[in-house]
Each structure stands twice: as structure tokens, then as C-alpha cells.
Amino acid sequence: MESNNQKNMTVTALLSATLQARFASILDDTPQDITVVETQNPKFGDYQCNAAMGLAKRLGKIPRELAKAVVEAGPMPTGIAGMEVAGPGFINIFLDDNWILQKTSHIGNDPTSGIPQQGEGKTVIIDYSSPNVAKPMHIGHIRSTIIGNAIDRMYRSLGYHVIADNHIGDWGTQFGILIMGYRKFLDKDRLKQAPIEELERIYVTSYERARNDDDWMDACRAELVKLQKGDPENRSLWQTFIEISLGEFEKIYQRLDVHFDLIRGESFYHNDLADVISTLREQALAEESEGALIVRLEDEGLPVCIVQKRDGGYNYATTDVATVQSREAEFHPERIIYVTDERQQLHFKQFFAIARKTGCQSRLEHVWFGLMRLPEATFSTRQGNVIKLEALLDEAERRAYDMVSELNPDMPEPERKEVARAVGIGAVKYADLSQNPQTLITFTWDKALALDGNSGPYLQYAYARIASLLDKYSAREGTPISDQTSLQLTDPRERALCIQILRFPDVVTRAAAAYRPSVIADYLYTLSQTYSSFYQNVPCLKADPGVRESRVRLCAITATILKRGLNILGIETPARI
RNA sequence: ACCCUCGUAGCUCAGUUGGAUAGAGCAGCGGACUUCUAAUCCGCAGGUCGCAGGUUCGAAUCCUGCCGAGGGUGCCA
């Protein structure tokens, strides 16, 4: 009987502990870095330990002999059917079939699918999406939103108390320009029809004018000062801009199934900025240079950071320091994770350094991703070749609709639309989540909306096929497959599938530690392929009684893992496609 | 000039942080549908891991140099 403690451990954690004890039993002390990893190739066993080689060298022993001694140190521990020494000193581990089945059942029935609840009692703040007021969200914003949300869900699945905070750009010089634009160029009909597009239009018009007209520029500055001093009329306009923008953002968030616990823009921290500056002065961290206030960061190998401009205005770094201080005081987070594009790397290094100097205790992490580009050119607001997020999602749903209609012409219209929505959005999300974020990615419609191969729809389809199989089983037997059905291994493909299922808790743990949703995406795709191969080649419903129940149950557990894994990526799993 | 990333099959990308014969998808070729949902499965072909050195039992992965791409570098965010 396993203890609760062991049930909360991943397979690699369990095996690592087992092997560590085994090494310790033949050595004088307990080596620390004994780890067990999944094998790439089944012929090397299910898991492997590579520690003997490095350790032997340090101890002046022969690697193969050390490995052999470990293998022969005693009877096989729980869960392990056999171990063998291979190559220069690898220890290949073969799991015990009964243990595999027991573990697979446990993962299938566990409310957290075996994911260790390592985050219990810890708070993590995740700062993502963060669009600017008065600008529509385009495909440049999608990555922060989708990747950030996946990290959010990953940490929740590990038991962390997650605070998702949308740090919107609702304060700054653009509002003077916007207020003048609103007064002079506003078209009320357009504002009703497409509010955010109209705000963007008046902003761009006003901005163009300001570039060529100094009087206009001065007027914009004057409006900004009035706003910052609390002028009621400008204040109310500003509120209007924010409400309109938030309303538009919320539509996108609803479609993407993204929800924030906090929406605190830069303005929320505005009153704290003067205090931040005076603290920096008191601690002698800030000094004047060329009329501005700077923090020197040579000791960190970083360039100077300006915290207050010559005209008295504050910079982004100042706001971010104020934000961290506020978050620490209110929430005491163990960690704060920021998800932004790669251009802000230096900024985050600088402001993390300043935050630490001012006593910040939270672990600060910057998760960055490459900008998205269009095949023809770098996309930019100025050139007007942006793809609006809304248009992308519409196109995705349209293509998915055509696909669903072709596959399933009998599906009633409302359901077909609903499925098309889930599949279209899932395709867009998966395209973004399935690759390493830190690479430059070129946007193409076909890739973002891929419906076959390594794609969201492939995974959803795999899920739907299982759901259909389970329905069919229930219909025939008059009752769904029981959670208590005992599993058995009668075909190598069943074993391969179980081995994949066992990996899930490790994968989620690893993905969260690396802030990489692609690790989960990659795994789910492998799981689906393993399942598809099993399903295509091994009869389930048609199998003999007993074997049939076991296989159907295995299908059900696979479905559970697929559903949970996709849910962590923020991708829905319709029961029919 | 300096700093940060990236460079892997024709194309798009993985590669468990130093492990065994570098893997998928798309495209190409050959097979499997009166189905347990073929958006699938089985097989074939495709590689000087940008180039050159180095570190060690072992390198796509780590160090150095070079080439190429992208981003950044005191009053934008």
C-alpha cells in the first residue's frame, strides 16, 4: 500500500528516490544528484538512470561496475521488474506491469490526475496580456494572452494560488493626444459601431497632426497635464476610453476563455511613484545625471536606468517598481511572472535589479517570446499591415465550420457552430502554444489554422473519438464504464499507452518549471499518436468480455488526461466533432 | 560598437537542460475505409544539427572565434 506521500510523487521522483537509496546502500555517503529520466527509445527500458557514469568518475570507480553493483544491490524495489546495465554505464529500468496498471488507475481516478500539488499555500502573480487602452488587440497581443493564460492554468493545476493580473496601459502620454483627437475628430456613429477602431482612428489622426503642428502638440500636452491634475472633464473622458477599451478586450477574452483576477492598469500605481523616487533617493540608489534621475547598475552588468525624466515625468521602470511593491505588500507572492515580448528583456533585467535593491523578496521571472512576423514584412501599426485578433478568430471559426460540416453534415446547426468555435479557437491557441516561445515566428494563416498533423484539432479529434467510443459502450451495456474496472495488459500497445499516461504528472511539473506550455503540447501530441495507433490496431468494443472492459477503461483514462492537458492549455474538448 | 536570442530534412518545428542509431508534422511515394468517427493508421524516402576549433567516456546541447537572421542599448512602453 502506498502512502499519500508517494501518491503525490511523479514517477521520476519516485524512481529517483529509489535509485538514490540504492546508490547510498553501496556507497559511504548519499549522493545527491541521482536522477531518473524517461527513455527516448523503448528498447532501453521505460526509464533510465545515467548517474553512474558521472559519479564513478568522481569516485575513481569504473562506471559499468558501479552501475552493475547498483543493479545487484538487492531485490528489485517496488514498481521495478528489472534493471540492466548498458553501454558505458546506463542503468535501464523496466517497470513492473502490475505497478504500471495500479499507477495508471490512480492517475485516471485522482482528482488532480496525479499532478503533485507542490504549490499548496503559495501565491503566484502572473502578469500577462496587458494591452493598451484605445488600441485594438492584434496578433501581436495574442501570444502574451495565450501563453500567459496557459502558464496561469499550469500553476493552478499544481495547486498554486494564482492571481492573474492584467496590467493594462491606461496611463501615459497617449491620453493628451487622444483627448484632442476626441474633441476634434470624433465620428459618433462610428464610435457606436466600432468603438475601439474609432478610438484608434482619432488617436492616429491626432498623432499625425501633432507631428507636424507644434501648437497641436502643445495643446495635447496641456490636456495631459489637466488630466493628471484631476480635471473632471478630462478625467471623465479618460474613464470613457478605458470603459470602451475594456469592453472590447472583454469580448476577446470571452472568446479565448481567458479570465483575470485583477485588472489593474498603470494608473492604479500612479500615486505611489513619488514615494518610489524618494525611497530610491534615500537609499542613495538614484542620482541625478543630465537633469534626469538615474539608477546605476554597473554592478549587475547592466546599463543605466532612468527612473525620472528631466521634465519630472516617470518611466515605465518606476511604475513597475511601484507595482511590485504594492503586490508584495498586498499578496505576499512567492513569485511574480511577467509574460511579454522579447523587446522588453533589458527593461525587465533592469527593473528586477532595482526591485531587489529596494528589498523585494519575491522571485521575479520574465517569460518572453519572439515577435510574430508576416511573411511579406515585419508587421507594424504604422504600415497598417496588422492582423486584428478579431479577424483572426473569425477566420479560424469559419475554416473550422467548413471542416466540421464536411465531416459531420448531419450535425444540427447550433451544435455545428459551437463545435466550429471550439475547434477554430483551439487551432489558433495550439499553433501558438505548441512551439518554443523563444523563437521568431512567422505568421501564416495556414499554419495558425492547421487542422491536421500536429494541431489542436488533431488532439480534439482524438478526444472526440474516445468520447464516441465511450458513449457507444454505455449504450450497449446500459451503463458507463466503471472507474473501478481493473486494467490488464494483453497487447504491447496497451502498455505503451499506459507508459505515456504515467508521464503526465512529470510533464506538467517540467512545463511549469520551464514556463513552457509547449512541453505539454508536445506530450499531448505524443499521447494522441500513441492512442491513435492503439485504437487503430487493437479492438476495444469488439474485444472479448473482460479484455473489452479493461481497454474501454484505458480509453476513458486517456480521454481524461487529454481533457485535462488540453484544459491546461486553455483548449476545449467537444464530445463530438 | 556592445548586449540578448535564434540557425536542425525541400517547408514548419521538437529534441526531457551533457546521453545510446537526431525525431514529428506538412509536401512526395506506396498501402489500409460495407469503420469502434480515415481530421486516422501502417510503410518508404528525405540530415556535414550555419562554419571552424575546444572541453570529456559521450556534444545539436557547454566554451572560444567567425558567418547569417531578428531584437535591444539614459529621458517610449
Side-chain angles (χ1 to χ4, degrees), chain A residues 12 37-41 43-44 48 50 53-54 56-57 63-64 86-90 92 130 132 169 172-174 266 289-296 301-311 313-317 319-320 340-347 349-350 368 370-371 373 378 403-404 406-408 423 431 434-436 438-442 444 446-447 450-455 457-458 460-462 464-470 472-473 503 506-507 510-511 514 518-519 521-523 525-526 528-529 532-543 551-552 555 576-577:
Chain A
T12 60
V37 298
E38 295 129 348
T39 53
Q40 297 271 17
N41 189 330
K43 83 176 186 193
F44 300 133
Q48 62 177 295
N50 305 332
M53 292 169 286
K57 178 162 189 136
R64 275 194 71 100
F90 296 106
N92 294 337
S130 308
N132 287 318
T173 51
Q174 76 262 34
E266 293 160 18
S289 169
E290 296 172 34
L293 201 62
I294 62 163
V295 176
R296 294 194 180 278
L302 295 169
V304 165
C305 182
I306 295 180
V307 291
Q308 189 171 25
K309 295 187 277 190
R310 196 169 5 194
D311 67 4
Y314 303 104
N315 290 65
Y316 193 35
T319 310
D320 275 336
T340 80
D341 69 66
E342 62 183 336
R343 291 176 302 182
Q344 303 193 35
Q345 284 178 82
L346 177 59
H347 161 71
K349 281 182 191 165
Q350 291 179 314
W368 58 267
L371 279 181
R373 287 167 187 79
T378 317
M403 194 61 88
V404 173
E406 197 178 316
L407 183 76
N408 227 332
V423 172
S434 61
Q435 61 182 285
N436 181 346
Q438 299 184 343
T439 53
L440 169 155
I441 103 166
T442 302
T444 59
D446 284 341
K447 199 179 162 215
L451 301 172
D452 57 359
N454 187 357
S455 71
Y458 173 94
Q460 289 172 319
Y461 181 66
R465 286 164 96 191
I466 306 179
S468 164
L469 178 94
L470 295 176
K472 201 152 279 183
Y473 177 86
R503 293 184 173 189
D506 267 314
V507 165
R510 203 156 54 220
S518 62
V519 170
D522 205 49
Y523 164 79
Y525 183 60
T526 305
S528 293
Q529 283 187 125
S532 290
S533 180
F534 160 79
Y535 175 75
Q536 196 81 24
N537 296 297
V538 181
C540 294
L541 290 181
K542 290 175 181 168
R551 287 182 183 163
V552 171
C555 290
R576 291 212 301 161
I577 284 188

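Fair warning: this is a prediction, and the values are worked out from it, not measured in the lab. Just so you know, these numbers use all the heavy atoms, side chains as well, and skip hydrogens, waters and symmetry mates. A, B, ... follow the sequence lines: proteins, then strands. Residue 1 opens every chain.
The residue A:Asn92 sits close to a base: some heavy atom pair falls under 4.0 Å. Residue contacts for A:Asn315: at a heavy-atom cut-off of 4.0 Å it reaches the sugar-phosphate backbone alone, with no base atom in range. Within the nucleic acid shown, A:Val295 has no heavy atom closer than 4.0 Å to any nucleic acid atom. Here A:Asp522 lies in heavy-atom contact (under 4.0 Å) with sugar-phosphate atoms only. Here A:Asn436 lies in heavy-atom contact (under 4.0 Å) with sugar-phosphate atoms only. As judged by a 4.0 angstrom heavy-atom cut-off over every strand, A:Ala56 is placed among residues making no nucleic acid contact. Across all strands shown, A:Val307 has no heavy atoms under 4.0 Å from either base or sugar-phosphate atoms. A:Glu266 comes within 4.0 angstrom of the backbone, heavy atoms only, and of no base. Within 4.0 Å (heavy atoms only), A:Pro63 reaches no atom of the nucleic acid at all. Residue contacts shown for A:Ile577 include a base, since a base heavy atom lies under 4.0 Å away. Residue contacts shown for A:Glu406 are absent, as no nucleic acid heavy atom lies under 4.0 Å away.
Candidate nucleotides B:C75, B:U5, B:U37 were compared by shortest atom distance to the side chain of A:Arg465, and B:U37 ranks first. If you check B:G72, B:G25, B:A39 against the side chain of A:Val423, the one that comes closest is B:A39. Nearest nucleotide to the A:Val404 side chain, out of B:G25, B:A39, B:G19: B:A39. Distances from the side chain of A:Tyr525 to the nucleotides B:A24, B:A39, B:A77 place B:A24 closest. Among the nucleotides B:U40, B:C76, B:C41, the one closest to the side chain of A:Lys309 is B:C76. Here the nucleotide nearest the side chain of A:Leu346, chosen from B:G72, B:G19, B:G25, is B:G72. Counting only heavy atoms from C-beta on, A:Ala464 has its side chain closest to B:U37 among B:U37, B:C75, B:G19. Closest to the A:Met403 side chain, of the nucleotides B:U17, B:G71, B:A39, is B:A39. The nucleotide whose nearest atom lies closest to any side-chain atom of A:Ala292 is, among B:C75, B:G70, B:A39, B:C75. When distances are taken from the side chain of A:Pro88 to each of B:A14, B:C26, B:G19, the shortest belongs to B:G19.
In this structure, A:Gln345 atom CD and B:G71 atom P are separated by 13 Å, rounded to whole Å. Residue A:Asp341 contributes atom CG, which lies 13 Å from atom C1' of B:U5 at whole-angstrom precision. With rounding to whole Å, A:Phe534 atom CZ is found 13 Å from B:C42 atom P. The NE2-P distance, from A:His347 to B:C4, rounds to 19 Å in whole Å. Counting to the nearest Å, the P atom of B:G15 and the CG atom of A:Asn41 are 19 Å from each other. Atom pair A:Asn408:CG and B:U40:P shows a separation of 15 Å (rounding to whole Å applied). What separates CD of A:Gln460 from C1' of B:U37 is a distance of 15 Å, to the nearest Å. If you measure from atom CD of A:Gln536 to atom P of B:G43, you get 12 Å, rounded to the nearest angstrom.
Atom name C1', nucleotides B:G47 and B:C63: the rounded distance is 25 Å, in whole Å. The same atom, C1', is picked in B:A60 and in B:G50; the two are 12 Å apart, to the nearest Å. Remark: the separation of the P atoms in B:C49 and B:C62 is 16 Å, to the nearest Å. Straight-line distance between the P atoms of B:A9 and B:C51: roughly 10 Å, to the nearest whole Å. Annotation: B:C26 and B:U40 have their C1' atoms spaced 16 Å apart (nearest Å). For B:A1 and B:U61, the C1' atoms lie 30 Å apart once the distance is rounded to whole Å. Separation of the C1' atoms belonging to B:U55 and B:A14 is 27 Å when rounded to the nearest angstrom. Going from the P atom of B:G18 to that of B:U37 covers 45 Å, rounded to whole Å.
The phosphate of B:C42 (OP1 or OP2) has a side-chain N or O of A:Ser533 nearer than 4.0 angstrom. Side-chain N/O atoms of A:Tyr458 include one lying less than 4.0 angstrom from OP1 or OP2 on B:C41. For the OP1/OP2 pair of B:G72 and a distance below 4.0 Å, the side-chain nitrogens and oxygens of A:Lys349 include no atom meeting the criterion. Here A:Gln435 reaches the OP1 or OP2 of B:C13: one of its side-chain N or O atoms lies under 4.0 Å away. OP1 or OP2 of B:A39 sits under 4.0 Å from a side-chain N or O of A:Tyr461.
In this view, A:Arg310 satisfies the side-chain hydrogen bond (donor to acceptor under 3.5 Å, both in side chains) rule with no residue, not counting sequence neighbours. The salt bridge (Lys or Arg N to Asp or Glu O under 4.0 Å) check on A:Asp341 picks up A:Arg343, with sequence neighbours excluded.
With the nearest nucleotide of RNA chain B identified for both A:Ser532 and A:Arg343, A:Ser532 has the one nearer the 5' end.
Rounding to the nearest 0.5 angstrom, the gap separating the CG atom in A:Asn315 from the CG atom in A:Leu293 is 10.0 Å. We find the CE-CG distance between A:Met403 and A:Asp452 to be 7.0 Å, quoted to the nearest 0.5 Å. A:Tyr523 OH to A:Glu38 CD: the interatomic distance, rounded to the nearest 0.5 Å, is 9.5 Å. Taken from CG in A:Leu470 to SG in A:Cys540, the straight-line distance is 9.5 Å, to the nearest 0.5 Å.
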*Where each pair must be Watson-Crick or G-U wobble with both distances under 3.5 Å, what dot-bracket representation of RNA chain B is obtained, with crossing pairs in [ ] and other-strand partners as |?*
(((((((..((((.....[...)))).(((((.......))))).....(((((..]....))))))))))))....
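In terms of modelled atom types and a separation under 3.5 Å, the side chain of A:Ser532 and the main chain of A:Ser528 share a donor-acceptor contact.
For a distance-only test at 3.5 Å, the side chain of A:Asn537 fails to qualify as a donor-acceptor partner of the base of B:A32. Taking only distance into account, the side chain of A:Gln48 meets the base of B:A20 through a donor-acceptor pair shorter than 3.5 Å.
Its glycosidic angle being within 90° of 0, B:U17 falls on the syn side.
We find that the ring of A:Phe90 and the base of B:A20 stack, their centres lying under 5.5 angstrom apart and their planes tilted less than 30°.
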